[in-house]
Amino acid sequence: MVVVDNLITARPANLDGLRGRPGFEFIEADVSNEVRVAGEVTHVLHLASPASPVDFLAYPIQIVKVGTLGTHNMLGLALAKGARFLLASTSEVYGDPLVHPQPESYWGNVNPIGSRSCYDEAKRCAEAFTMAYHRAHAVETRIVRIFNTYGPRMRLDDGRVVPNFMRQALRGEPLTVYGDGSQTRSFTYVDDLVAGLLAVLDSSDPMPFNIGSPIETSVLEFAERIIRLTGSASSIEHLPLPEDDPRQRRPDIARARSVLGWEPRWPLEEGLEVTMAYFTEVTRA
Ligand code: UDP
């Protein structure tokens, strides 16, 4: 297995479990530039991109590049090696959705010039690139639209809602709810996502699959839940809602259920407990 990462947002320690395994190789490089991989390659999983809204402000150009040029490079690698290609796309292709819940057939409602557009439009272009390589070069391509995912090994300062609320609750600081907190998300535990990625990779279907939890919660309810879970004395502080923050998000997973037999297995309560145990350890360290 060859892992390629330029480490701008990654934690190198996340690879500790793989180092030393026979055949494991790490290349520190940006897939937006040409990356050469020697020998046989059977599968290319293009998972690279900063994905936290905080990163959209810090790395907008790198994000556009990795979604467009990076996707082109990885499709080129798959074509050259005769490998199957999987694109990690995103629920952000639906933008601030006007259809709820979101089926794969929905085309989305994306602001092409807003502060999230570097990510949203790059991923939409990545899907277009992927379908073009499928149609023009018959590359075996797969597309997964990943919804909000959480779990151990996220960065404490990642900026997304799960690490933020957990860090704040553990430190007894106020939980920062953006806006009135009525916007909704559905949270998928990382093991369920990985099972979904592998199910899509193993399938024979090139059309996109939503992979995510269909259990929806408001951000305010979620903050209250984290406070209860930690037994924290933290209060809730409302901060301004970021630009173009989607009002509602929940995947329609009928397609993944029927074609792949996939659905999330982890109850939110259990996933949050495991993740909280991880953040407790990291916060103390
Ligand atoms: N959010 C929040 N407080 C935070 C971080 C995020 O209220 O400290 C909200 C954010 O406005 C959004 C939701 O939580 O409505 C999920 O945000 P996240 O950054 O995790 O990912 P997104 O779903 O926006 O890509």
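In listed order, ligands and their atoms are each counted from 1. In this chain, residues are counted from 1 in sequence order. Remember, predicted model here, so these are calculated numbers, not experimental data.
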[atom]: which protein heavy atom is closest, and how many Å away?
atom                    : value
atom 13 (C) of ligand 1 : V219 CG2, 3.7 Å
atom 16 (C) of ligand 1 : R185 NE, 3.7 Å
atom 10 (C) of ligand 1 : D245 OD2, 3.2 Å

message: Quick test of your reading of the model: are D245 and R185 salt-bridged, counting only N-O distances below 4.0 Å?
response: yes
task: Look at the aromatic rings of Y94 and F147 and report parallel, tilted or perpendicular, splitting at 30° and 60°.
output: tilted
For ligand 1, which is the ligand I care about here, please tell me if [X] has any N or O atom under 3.5 Å from one of the ligand's N or O atoms.
X    : value
V161 : yes
Q183 : yes
Q168 : no

message: With a 4.0 Å cut-off on heavy atoms, is F165 in contact with ligand 1?
response: yes
field: ligand 1 contacted by P53 (non-hydrogen, < 4.0 Å)
entry: yes
Looking only at non-hydrogen atoms, which of [options] approaches [atom] most closely?
atom                    : options                : answer
atom 21 (O) of ligand 1 : D244, T90, N148        : N148
atom 24 (O) of ligand 1 : R116, E92, R249        : R116
atom 6 (C) of ligand 1  : Y150, F187, Y178, Y119 : Y178

field: Pairing residues for E237 by the salt bridge (charged side-chain N to carboxylate O under 4.0 Å, His left out) criterion, not counting sequence neighbours
entry: none
- request: Decide salt bridge (charged side-chain N to carboxylate O under 4.0 Å, His left out) for R124 and E127; before the verdict, give the C-alpha distance in whole Å, the side-chain angles of both, and the deciding distance to 0.1 Å.
  value: CA-CA 5 Å; R124 288 167 68 94; E127 291 197 6; over 6 Å; no
- line: Of all heavy-atom pairs linking G114 and D244, the shortest is CA-OD2, 3.7 Å
Would you mind running through ligand 1 and noting each atom that sits below 4.0 Å from a heavy atom of [X]?
X    : value
V177 : 7 (O)
N164 : 4 (C), 5 (C), 8 (O)
T176 : 2 (C), 3 (N), 4 (C), 7 (O), 8 (O)

message: I'd like to know if the side chain of R249 and the backbone of T184 have a donor-acceptor N/O pair within less than 3.5 Å.
response: no
query: Do any N or O atoms from the side chain of R155 and from the backbone of T9 form a donor-acceptor pair under 3.5 angstrom?
result: yes
message: salt bridge (charged side-chain N to carboxylate O under 4.0 Å, His left out), that's the test. Do R116 and E121 meet it? Break it down for me.
response: CA-CA 8 Å; R116 299 175 86 99; E121 295 291 18; over 6 Å; no
message: Quick check: Y150 with Y189 (ring centres under 6.0 Å apart)?
response: yes
